[in-house]
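Read the structure below first, then the notes.
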Amino acid sequence: MPLFVRFLQTLNPTKQNARLRSPWPFSLLTQTASISSLKVAWRKDRLLDSAIERDKRCRVCARVVREVLNEPGHAIPLRYLEKRRERLGLPVKVKTFLSRYPNLFDLYPDRIKPKTEPVPFLRPSPRLRSFLALEASLRARHEPLVLAKLCKLLMMSRDKVIPAEKLLNVKRDFGFPNDLLTSLVPKYPHLLRLVGSPGEGKSFLELVSWNEEYAKSVIEQRADEEARLTGIRMRPNFTVRLPPGFYLKREMREWVRDWLELPYVSPYADASGLHPASPEMEKRMVGMLHEVLSLSLLKRVAVPVLGKFCEEYRFSNAFANTFTRHSGIFYVSLKGGIKTAMLREAYDQGELVDRDPLLEIRDKFVLMMEEGYNEYMQRLRTKREAMQKDLELMAKSNSELSEDESSERL
């Protein structure tokens with residue numbers, strides 16, 4: 001039985017054996033204006049929040065590494081980096097950070113200006129340089145995946161054009177390389193074209209030709225795979241997973257049940273004929289948000305970041321309410337003081353299970369971090385053990401001295 005049908009039965013438990021309604025329910029067609037007025041209370045999901053919290057150290061380390069690599073010669077005075085701590089979100093002093101991750105950077109003396117006293121500089125360590133070489137190799141291997149993501153983002157846009165600056169702002173969300181516009185785009189002139197000059201006013205990335213291989217959403221691919229395995233053609237639809245203890249009011253349950261029965265609207269299909277307030281447009285918007293999140297590395301993107309693409313993807317001004325309205329498909333985390341939209345189906349017990357191949361790069365970086373942190377902890381343990389031995393020797397020495405003094409008195 002399809003997953004969405006089982007979900008419909010849970011929405012109406014007293015009629016589990018009833019036949020599904022027509023795919024064009026009268027209630028939806030006559031009450032389209034009420035979509036935006038449907039309210040669902042936000043409910044905290046600690047497991048999904050913990051997934052964001054776990055990535056905190058990795059994000060901070062990556063920011064510090066990028067800051068150093070962006071400097072001329074990949075070197076920076078220690079005190080300059082210290083002044084940028086607040087902007088980098090570094091909660092400890094730079095020296096403390098370097099001691100906790102000793103394999104990331106090397107410290108060495110150098111002059112900021114001629115005829116000045118040498119000051120501490122830091123530069124990438126051999127271990128970090130080795131990782132950067134491995135990263136370049138992995139990016140080359142996964143370049144077809146990056147190309148597909150880029151084309152898909154353009155194919156979903158209204159005019160098949162997106163400002164280059166917006167794509168650069170989300171490069172880390174989708175795993176795009178830093179030199180996306182100068183290295184990747186020129187390799188594929190039959191698919192992509194850069195209009196204008198980056199850094200000199202407005203520039204846009206334009207889709208040159210439509211590739212049918214990219215024009216299938218994750219949901220459509222999943223339906224095709226189920227059909228291949230079962231021999232039964234499945235209708236594409238969303239996977240709905242309401243969190244434990246989550247309750248929908250009757251009006252909302254009925255609306256969701258009817259809405260799920262509507263035909264799936266592909267985010268790659270032409271939506272110019274859909275009414276902005278229609279349930280079909282709602283279906284398309286959910287499909288669009290689902291596909292964009294599916295293309296992201298961690299199956300989550302900050303809501304303000306998604307909001308910057310309202311014009312290109314025809315999102316309404318109130319698009320953020322879609323995430324809470326469809327709480328069985330999405331979750332909005334408030335961790336870190338920013339709203340982050342997450343795909344529920346991509347996580348199991350707070351662990352990311354739908355893993356992007358490009359996450360291999362991140363995994364290697366985390367491994368390098370852990371090696372350095374374990375080295376730091378081992379040094380601390382060795383130091384504590386040495387101090388403990390010194391204290392024991394001192395105590396023994398004092399005890400012997402006291403015994404000698406007592407003997408002399410006798």
Side-chain angles (χ1 to χ4, degrees), residues 62 66 69-70 74 131-221 224 265-272 284 287-299 301 305-315 355-362 364:
R66 286 195 300 270
L69 294 178
N70 287 337
H74 297 170
F131 163 76
L132 294 173
L134 176 62
E135 179 186 17
S137 173
L138 292 175
R139 286 199 177 280
R141 185 199 306 173
H142 294 305
E143 186 172 282
L145 173 61
V146 174
L147 176 65
K149 286 187 179 189
L150 193 56
C151 288
K152 281 172 170 283
L153 289 175
L154 288 168
M155 290 166 68
M156 285 189 287
S157 65
R158 183 177 59 183
D159 300 315
K160 313 303 176 275
V161 173
I162 297 178
E165 183 181 0
K166 291 187 179 183
L167 290 171
L168 291 176
N169 287 339
V170 297
K171 61 187 177 185
R172 283 185 282 277
D173 291 290
F174 294 93
F176 297 153
N178 292 328
D179 55 354
L180 168 71
L181 301 179
T182 56
S183 66
L184 182 70
V185 173
K187 286 184 183 179
Y188 304 94
H190 62 292
L191 290 173
L192 306 168
R193 177 168 54 230
L194 186 62
V195 181
S197 301
E200 299 178 8
K202 278 280 186 180
S203 60
F204 300 86
L205 191 62
E206 181 182 9
L207 185 74
V208 174
S209 60
W210 185 273
N211 189 330
E212 282 297 332
E213 291 182 7
Y214 299 152
K216 266 196 174 178
S217 69
V218 168
I219 288 178
E220 290 171 311
Q221 291 172 16
D224 289 346
V265 181
S266 171
Y268 301 101
D270 181 14
S272 57
R284 178 192 177 272
M288 178 82 74
L289 293 169
H290 184 284
E291 184 73 356
V292 171
L293 292 179
S294 296
L295 292 175
S296 67
L297 279 179
L298 297 170
K299 315 308 175 196
V301 179
V305 171
L306 292 171
K308 294 179 181 178
F309 292 86
C310 283
E311 183 179 351
E312 289 78 17
Y313 292 143
R314 297 182 65 190
F315 293 158
R355 291 180 58 81
D356 191 295
L358 285 165
L359 282 176
E360 184 178 359
I361 296 171
R362 180 176 170 276
K364 298 292 184 184

Inset, instruction - Identify the two heavy atoms, one from Glu312 and one from Val161, that lie closest to each other, and give their separation to 0.1 Å. - result: CG-O, 3.9 Å

Inset, instruction - Before giving the answer on side-chain contact (heavy atoms from CB on, under 4.5 Å), spell out for Leu150 and Leu205 the whole-Å C-alpha distance, their side-chain angles and the decisive distance to 0.1 Å. - result: CA-CA 10 Å; Leu150 193 56; Leu205 191 62; 3.8 Å; yes

Inset, instruction - Find the distance between CG (Asp356) and NE2 (His142) and round it off to the nearest 0.5 Å. - result: 8.5 Å

Legend entry - Sub-4.5 Å side-chain heavy-atom contact between Leu192 and Leu147: yes

Legend entry - Lys202 side chain to Gly196 backbone, donor-acceptor under 3.5 Å: no

Legend entry - Within-4.5 Å side-chain heavy-atom neighbours: Ser203 and Val195: no

Legend entry - Closest contact, heavy atoms only, Asn211 versus Met155: O-CE, 3.3 Å

Legend entry - Phe309 side chain reached by Ile162 side chain, heavy atoms, under 4.5 Å: yes

Inset, instruction - Supply the atom-to-atom distance Leu167 CG to Lys149 NZ, rounded to the nearest 0.5 angstrom. - result: 13.0 Å

Legend entry - Ring geometry between Phe176 and Phe174 (parallel below 30°, tilted from 30 to 60°, perpendicular above 60°): parallel

Inset, instruction - Working to the nearest 0.5 Å, report the span between CD of Glu143 and CG of Leu184. - result: 5.0 Å

Legend entry - Validation row: Asn178, Leu69 side chains within 4.5 angstrom (heavy atoms): no

Legend entry - Trace of the side-chain contact (heavy atoms from CB on, under 4.5 Å) decision for Leu132 with Glu135: CA-CA 5 Å; Leu132 294 173; Glu135 179 186 17; 3.7 Å; yes

Inset, instruction - Check the surroundings of atom CD in Gln221: do more than 12 heavy atoms from other residues, nucleotides or ligands lie under 6.0 Å from it? - result: yes

Inset, instruction - Take Tyr214 and Leu153 through the side-chain contact (heavy atoms from CB on, under 4.5 Å) test and state the conclusion after the steps. - result: CA-CA 10 Å; Tyr214 299 152; Leu153 289 175; over 6 Å; no

Inset, instruction - Provide the closest heavy-atom pair for Glu220 versus Ser217 in the form atom of the first, atom of the second, distance. - result: OE1-N, 2.9 Å

Legend entry - Straight-line distance of His290 NE2 to Ile219 CD1, nearest 0.5 Å: 4.0 Å

Legend entry - Minimum heavy-atom distance Ala164-Leu194, with the two atoms named: CB-CD1, 4.2 Å

Legend entry - Euclidean distance, Arg314 CZ relative to Ser157 OG, rounded to 0.5 Å: 12.0 Å

Inset, instruction - Decide yes or no for Glu291 and Val218: does some side-chain heavy atom of the first lie under 4.5 Å from some side-chain heavy atom of the second? - result: yes

Legend entry - Nearest atoms (heavy-atom pairs only) where Lys216 meets Tyr268: C-CE1, 3.8 Å

Legend entry - Residues which pass side-chain hydrogen bond (donor to acceptor under 3.5 Å, both in side chains) with Lys160, listed by chain and number, not counting sequence neighbours: none

Legend entry - Test log, rule side-chain contact (heavy atoms from CB on, under 4.5 Å), inputs Val305 and Asn169: CA-CA 8 Å; Val305 171; Asn169 287 339; over 6 Å; no

Legend entry - Straight-line distance of Ser272 OG to Arg158 CZ, nearest 0.5 Å: 11.0 Å

Inset, instruction - Locate the shortest heavy-atom distance separating Val292 from Leu306; write the atom from each residue and the value. - result: CG1-CD2, 3.8 Å

Inset, instruction - Test Glu360 against every option in Arg139, Arg355, Arg141 by the salt bridge (Lys or Arg N to Asp or Glu O under 4.0 Å) rule and name the one that passes. - result: Arg141

